[in-house]
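To start, the structure under review is shown below, and the notes come after it.
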Amino acid sequence: ICAIIIPIKDEYECKLLVNASYGLPALIRQGEVDNLYLGSSMFRQGIDIFEANKHGGINYILSYNGNQPVMEEWILKYLISNKVTIGKLYVDMYVYTAYSEPQISDEKIFMEVGVNEKWQLYQLIPDAGIEKLLRVFVTANNETLLTWPIQSYLVNQRFEQGGNITETQGVTKEQIQQLTVPQINKKMNSEQVSAIEEIIQIAKENNIEIVFIETPKYISVAENLEYQEAMEEYEKILQQNAVSYLLAEEVWDEEMKETENFIDLLHLSSTGRQKFSKKIFEFLP
């Protein structure tokens, strides 16, 4: 029974998301987007879809927890191979992922693709063994599928065109002072660097205008020397490839010190998301 059910699940579970308010299947069904925001939870918490819509065009936010450049490259190729037309591509300039070993940190993407794509994603993980293989093809998202009628309703209420529309309160100064600035590796990962450059190349080959965006981090992170040095390295790559980018400090200043704008050191609250999004659309073309 399992031998029959598992291949069916792996190939067809993505069909459940064709009419969802988020994810790859819904975007592929839509077929075109003027502005695609591709990134991690930084974009999910940092880009307000309603402010994006005020800016104009058809907008869509495609975000996965901890989404890395190697994954973003794969996603972009997948969208193009499925004939999705993209006008402008905004890429999450989340520097921590560029300094990390390739991995897939958000398993929900396995529910959004078929068997061949799952195999491709599995191969992105260096030295992935049998445990990862079982996770990708057998156990990932089983809890979601078992509670699908309720789960789909609840999750769809939280998104609009891929954008997070839930209200999240900011933290207090006392709460945020207890948090430690995340450490970052000493050197950018070579595979992530190659992926960033490949994303840029794919965009150019397909006449897609591309801009990288750094979402705000709380002041203790933004002023951290290791974080600043890492961002400088990221900027050099974009400069060498003649690509536009927008840094958080160009948009915000004092706001990075206001705890009501953050739910932790890296993610914006719904208040911060709206305020930041309103600001960036004064700068974006």
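Note that this is a predicted model, so its numbers are computed, not measured.
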Query raised in the report: Does any N or O in the side chain of E260 come within less than 3.5 Å of the main-chain N or O of V171, such that one atom is a donor and the other an acceptor?
Result: no

Report task. Rounded to the nearest 0.5 Å, what's the gap from CG on L246 to CD on E214? Could you check? Result -> 8.5 Å

Report task. Run through the side-chain heavy atoms of Ile, Leu, Val, Met, Phe, Trp and Tyr, join any pair under 4.5 Å, and report what else lands in L145's cluster. Result -> L16, L17, Y22, M111, W148, V155, F159

Query raised in the report: What residues form a side chain to side chain donor-acceptor pair (under 3.5 Å) with E197, not counting sequence neighbours?
Result: none

Query raised in the report: Can you list every pair that meets salt bridge (charged side-chain N to carboxylate O under 4.0 Å, His left out) and has a residue in residues 130-158, with sequence neighbours left out?
Result: E107-R135

**Report entry** T215: side chain to side chain donor-acceptor pair (under 3.5 Å) partners, not counting sequence neighbours
**Finding:** K217

Report summary line: Heavy atoms of Y60 and A26 approach each other most closely as OH-CB, 3.6 Å

Query raised in the report: Between I237 and F212, does a side chain to side chain contact (heavy atoms under 4.5 Å, CB included) hold up when you go through it step by step?
Result: CA-CA 11 Å; I237 295 172; F212 284 72; over 6 Å; no

**Report entry** Whether K118 side chain and F110 backbone form a donor-acceptor pair below 3.5 Å
**Finding:** yes

Query raised in the report: Between CD of E174 and OG1 of T172, what distance do you get to the nearest 0.5 Å?
Result: 4.5 Å

Requested in this report: State, yes or no, whether a side-chain contact exists between S269 and I263 at a heavy-atom distance under 4.5 Å.
Outcome: yes

Report task. State yes or no: do Y94 and L36 share one hydrophobic cluster built from I, L, V, M, F, W and Y residues joined by side-chain heavy-atom distances below 4.5 Å, directly or via other members? Result -> yes

Query raised in the report: Hey, are the side chains of S100 and Q68 touching, using non-hydrogen atoms and a 4.5 Å cut-off?
Result: yes

Report task. Look only at the side chain of S270 and the backbone of T168, and say whether a donor-acceptor pair between them is shorter than 3.5 Å. Result -> yes

**Report entry** Residue pairs involving residues 253-278 (criterion ring-ring contact (aromatic ring centres under 6.0 Å, His included); sequence neighbours excluded)
**Finding:** Y218-F262, W252-F276

Requested in this report: Write down the atom of C2, the atom of P7, and the distance for their closest heavy-atom approach.
Outcome: O-CD, 4.1 Å

Query raised in the report: Do N65 and S105 have side-chain atoms, one donor and one acceptor, less than 3.5 Å apart?
Result: no

Query raised in the report: Taking a hydrophobic cluster as the set of Ile, Leu, Val, Met, Phe, Trp and Tyr residues connected by side-chain heavy atoms closer than 4.5 Å, whether directly or through intermediates, do L76 and V243 fall within one such cluster?
Result: yes

Query - Cluster check V113, L133: I/L/V/M/F/W/Y, side chain < 4.5 angstrom - result: yes

Requested in this report: Sorted by first residue and then second, give each salt bridge (charged side-chain N to carboxylate O under 4.0 Å, His left out) pair with at least one member in residues 27-48; sequence neighbours left out.
Outcome: D48-R273

Query raised in the report: Taking all non-hydrogen atoms of both residues, which atom of M188 and which atom of A98 are closest, and how far apart?
Result: CE-CB, 3.6 Å

Report summary line: Rounding to 0.5 Å, atoms OG (S190) and CD (E101) come to a distance of 8.0 Å

Query raised in the report: Does any non-hydrogen side-chain atom of I199 lie less than 4.5 Å from one of L38?
Result: no

Report task. Tell me, with the steps shown, if L284 and I213 meet side chain to side chain contact (heavy atoms under 4.5 Å, CB included). Result -> CA-CA 10 Å; L284 295 176; I213 300 175; 4.0 Å; yes

Query - Contacts of type side chain to side chain donor-acceptor pair (under 3.5 Å), residue Q161, not counting sequence neighbours - result: N53

**Report entry** Any N82 side-chain heavy atom under 4.5 Å of L24 side chain
**Finding:** no

Query raised in the report: Going from CE on M42 to CD1 on I47, what distance comes out if it is rounded to the nearest 0.5 angstrom?
Result: 11.5 Å

Query raised in the report: Are K77 and I202 close enough that some pair of their side-chain heavy atoms sits under 4.5 Å apart?
Result: yes

Query raised in the report: Can you list the residues that meet the side chain to side chain donor-acceptor pair (under 3.5 Å) rule with K54, with sequence neighbours excluded?
Result: E51

Query raised in the report: Please, which pairs that meet ring-ring contact (aromatic ring centres under 6.0 Å, His included) have at least one residue in residues 27-50, sequence neighbours excluded?
Result: Y37-Y90

Query raised in the report: How would you list, by chain and number, every residue that makes a salt bridge (charged side-chain N to carboxylate O under 4.0 Å, His left out) with E226, sequence neighbours excluded?
Result: K186

Query raised in the report: Donor-acceptor pair, E11 side chain versus V115 backbone, under 3.5 Å?
Result: yes

**Report entry** Atom CD of Q183 with >12 non-hydrogen neighbours under 6.0 angstrom
**Finding:** no

Query - Pairwise distance NZ(K173) to NZ(K257) - rounded to 0.5 angstrom - result: 9.0 Å

**Report entry** Shared-cluster residues of Y153, by chain and number - hydrophobic side chains joined below 4.5 Å
**Finding:** I150, L154

Query - Side-chain heavy-atom pair P102, L124 within 4.5 angstrom cut-off - result: no

Query - Point-to-point distance, once rounded to the nearest 0.5 Å, from CE of M71 to OG of S40 - result: 11.5 Å

Query raised in the report: Any side-chain heavy atom of L238 within less than 4.5 Å of one from M93?
Result: yes

Query raised in the report: Is atom NZ of K279 surrounded by more than 12 heavy atoms (other residues, nucleotides or ligands) closer than 6.0 Å?
Result: no

Report task. For a side-chain contact (heavy atoms from CB on, under 4.5 Å) with N67, tell me which candidate from I75, D92, L62 qualifies. Result -> I75

Report task. Please examine the side chains of N224 and I184, heavy atoms only from C-beta on, and report whether any two atoms are closer than 4.5 Å. Result -> no

Query raised in the report: Without hydrogens or angle criteria, can the side chains of N142 and K9 be said to hold a donor-acceptor pair below 3.5 Å?
Result: yes

Report task. Using the rule that two of Ile, Leu, Val, Met, Phe, Trp, Tyr join whenever any of their side-chain heavy atoms come within less than 4.5 Å, decide whether L121 and Y12 are in one cluster. Result -> no

Query raised in the report: Of all heavy-atom pairs between I109 and W74, which one has the smallest distance, and what is that distance?
Result: CD1-CZ3, 4.4 Å

Query raised in the report: If you look only at pairs with a residue in residues 231-250, which of them pass as a salt bridge (charged side-chain N to carboxylate O under 4.0 Å, His left out), with sequence neighbours excluded?
Result: E233-K236

Requested in this report: Would you kindly confirm whether L266 and L225 end up in one hydrophobic cluster when ILVMFWY residues are joined by side chain heavy atoms under 4.5 Å apart?
Outcome: no

**Report entry** Pair E112-Y64, side-chain donor/acceptor within less than 3.5 Å
**Finding:** yes

Query raised in the report: So does Q169 have more than 12 non-hydrogen atoms from other groups sitting under 6.0 Å from CD?
Result: no

Query - Check: G66 main-chain N/O paired with T97 side-chain donor or acceptor under 3.5 Å - result: no

Query raised in the report: Is the backbone N or O of E191 less than 3.5 Å from a side-chain atom of N189, with the two atoms forming a donor-acceptor pair by type?
Result: yes

Query raised in the report: Could you go step by step and tell me if I49 and N59 meet the side chain to side chain contact (heavy atoms under 4.5 Å, CB included) rule?
Result: CA-CA 7 Å; I49 191 63; N59 299 280; 3.9 Å; yes

Report summary line: Heavy-atom nearest pair, L268 first then G272, reads CD1-O, 3.8 Å

Query - Contact summary for I6 and V138, nearest pair of heavy atoms - result: CD1-CG1, 3.9 Å

Query - Any donor-acceptor N/O pair, S277 side chain to Q274 backbone, under 3.5 Å - result: no

